[in-house]
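As structure tokens, the structure follows; a few thoughts come after it.
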Amino acid sequence: MPTDDGNTSSPASASADDVGIRTRLPRGGGDRSWLTVTSPLLPDFEAIAPMLRDVLDRRWVTNQGHYVQALEARLRAWMGVDGLVLVTNGTVALEMAYAEVIPAGEVICTAFSFPATWNPLYDNDRWTPVIVDTLPNYRIDPAAVEAAITPRTTGIVAVHSYGFPCDNVALAAIAEKHGLALVYDAAHCFGVQQDGRSLGTWGTLSTFSFHATKVFNTLEGGAITGTATQMDGLVQRRNFGLKDGQQVGLGTNGKVDEFRAVVGLANLDQVEGAIAARGRVAHSYLEQLPALGIDELVLHPDEFERAGYTPNYAYFPVRVRPAGRRDRTTLQTVLKAHGILARPYFFPTIANTPLFAEHVDVDSIPEAISASEQVLCLPIHHLMSPADVALVVSVVGKAFGGRGRP
Ligand code: T4K
């Protein structure tokens with residue numbers, strides 16, 4: 001069960017007849033349910049059964065098996081990247097990518113992300129993280145990156161937050177000018193393209209998450225993308241640093257098992273439909289929410305509609321500018337009272353986590369703090385019905401004392 005539904009009160013939402021009950025995560029028995037921020041894309045049992053049977057028959061279940069290799073090949077083509085290795089999750093992808101390409105020294109990292117982005121930098125003495133602010137659009141500020149560069153800087157870590165692309169051209173120019181590694185945390189970016197180019201082709205390496213909550217998933221999983229020639233080192237690193245029975249470098253266990261690869265193959269067959277369904281939800285929100293006329297509610301239509309950009313609709317972040325007694329928490333609470341689990345990704349971020357108080361100058365990252373305190377991600381996934389969207393819109397209206405009629 002999700003961690004965000006400890007409250008046992010009954011959602012006061014509409015009945016199962018007028019919302020898409022299939023989209024809802026049941027809780028506590030009966031017909032009570034939550035409309036969750038996302039819902040995993042899952043294959044039909046019939047679609048995976050023959051492949052699972054085959055895995056069992058082969059008795060080869062991990063260590064770069066048949067289905068892992070098949071999924072890697074299909075993902076390379078689907079995502080439009082030259083090099084791709086599957087790894088066990090998006091966090092290990094980051095750990096491996098940093099170890100592979102960022103030399104010891106200072107690493108400039110965004111202040112607005114999930115802990116997976118910076119944890120490895122703090123957990124390894126070879127790096128000194130330097131946390132810099134974002135632009136109001138949630139992505140790392142290239143000017144802040146440039147200002148933070150010292151003779152000890154060796155790398156930059158940027159995040160395409162919510163699948164929205166960073167200023168890749170500016171970051172590439174900075175990295176090249178100063179001879180720095182540039183790693184993109186592209187955890188949210190499966191299928192995103194800008195000007196016909198996958199986001200996974202930017203930077204020295206990019207990392208993806210294929211967690212159940214992502215647009216494309218292998219239950220748990222992830223990938224690292226880069227050039228084809230970079231993959232040899234990553235394949236060794238994924239396998240303890242071993243090659244042909246010799247230890248040729250350092251490494252970890254980042255391998256993926258065959259069952260998860262099977263889920264990935266089946267999900268790949270249906271992911272385009274899932275992204276299209278997410279797109280319908282996003283565009284319904286973009287159409288219906290402004291009609292509520294709520295000044296404090298900031299949407300991001302440009303992020304979904306810019307020229308040359310193919311979004312994946314992984315998240316639908318809205319921003320609540322605090323006004324009077326209404327703020328992000330109020331909205332989240334009212335939504336929850338109606339059975340809708342919106343999530344404040346990313347709160348806490350590094351700026352408001354006491355663990356990092358000694359390491360982060362909070363005065364230097366006002367945009368990341370503001371974003372962390374104001375953003376709420378509304379439910380968006382492939383199973384949501386028009387009635388689900390209408391319910392969310394209606395409750396948002398009610399939360400702001402507007403025209404909503406939940
Ligand atoms: N970089 C970035 C920028 C990231 O956002 C992340 C992960 C990573 C790196 C690391 O990638 P991984 O190592 O995870 O591959 C979720 C995910 O666990 C996490 O992958 C994700 N980002 C983060 C933003 O969100 P939670 O704690 O919010 O997940 P949870 O369990 O509360 O699930 C959210 C909702 O999804 C639930 O309310 C219901 C639904 N759900 C979830 C699961 C797991 C289901 O319906 N079924 C399920 O099986 O962290």
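When a ligand or atom number is given, it counts from 1 through the structure's own listing order.
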Nearest non-hydrogen atom to [atom] belongs to which of [options]?
atom                    : options               : value
atom 36 (O) of ligand 1 : Thr38, Val159, Leu383 : Thr38
atom 10 (C) of ligand 1 : Asn89, Thr91, Thr36   : Thr91
atom 49 (O) of ligand 1 : Gly163, Ala212, Ser39 : Ala212

Item checked: Under-4.0 Å heavy-atom contact with ligand 1, by part of Tyr345 that carries it -> side chain
Check: When you look for heavy atoms under 4.0 Å from ligand 1, do you find them on the side chain of His188, its backbone, both, or neither?
Finding: side chain
Notebook entry, point to check: Hey, mind stepping through Thr252 and Glu95 against side-chain hydrogen bond (donor to acceptor under 3.5 Å, both in side chains) and telling me if it holds?
Noted result: CA-CA 9 Å; Thr252 185; Glu95 292 168 356; 5.7 Å; no
Note to self: Looking at Asp388 and Ser385, would you say the former's side chain and the latter's main chain have a donor-acceptor pair under 3.5 Å?
What the structure shows: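 Yes, because the side chain of Asp388 sits within donor-acceptor range (under 3.5 Å) of the backbone of Ser385.
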Close N or O approach ([X], ligand 1; < 3.5 Å):
X      : answer
Asp185 : yes
Gly90  : yes
Ser113 : no

Next item on the list: Quickly, which of Phe112, Phe304, Tyr138 forms a ring-ring contact (aromatic ring centres under 6.0 Å, His included) with Phe164? Name it, please.
Entry: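 The ring-ring contact (aromatic ring centres under 6.0 Å, His included) with Phe164 is passed solely by Phe304 among Phe112, Phe304, Tyr138.
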Next item on the list: List the steps and the verdict of side-chain hydrogen bond (donor to acceptor under 3.5 Å, both in side chains) for Tyr162 and His300.
Entry: CA-CA 11 Å; Tyr162 312 121; His300 304 294; over 6 Å; no
Note to self: Using heavy atoms and a 4.0 Å limit, tell me yes or no: is Pro40 in contact with ligand 1?
What the structure shows: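 It does; at least one heavy atom falls under 4.0 Å.
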Margin query: Within the structure, is a non-hydrogen atom of Glu220 found at a distance of less than 4.0 Å from ligand 1?
Written below: no
Check: Are Glu303 and Arg319 ion-paired here, with the side-chain N under 4.0 Å from a carboxylate O?
Finding: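 Not counted as a salt bridge, because no side-chain N and carboxylate O are separated by less than 4.0 Å.
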Item checked: Gap between atom CD1 of Ile174 and atom CD1 of Ile149 - 0.5 Å precision ->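 One gets 6.0 Å once the value is rounded to the nearest 0.5 Å.
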Next item on the list: Evaluate the ring planes of Phe208 and Phe210, with Trp represented by its six-membered ring, and classify them as parallel (under 30°), tilted (30 to 60°) or perpendicular (over 60°).
Entry: tilted
Note to self: As an exercise, identify every atom of ligand 1 less than 4.0 angstrom from a heavy atom of Gly221.
What the structure shows: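 Contacts of ligand 1 toward Gly221, numbered from 1: 15 (O).
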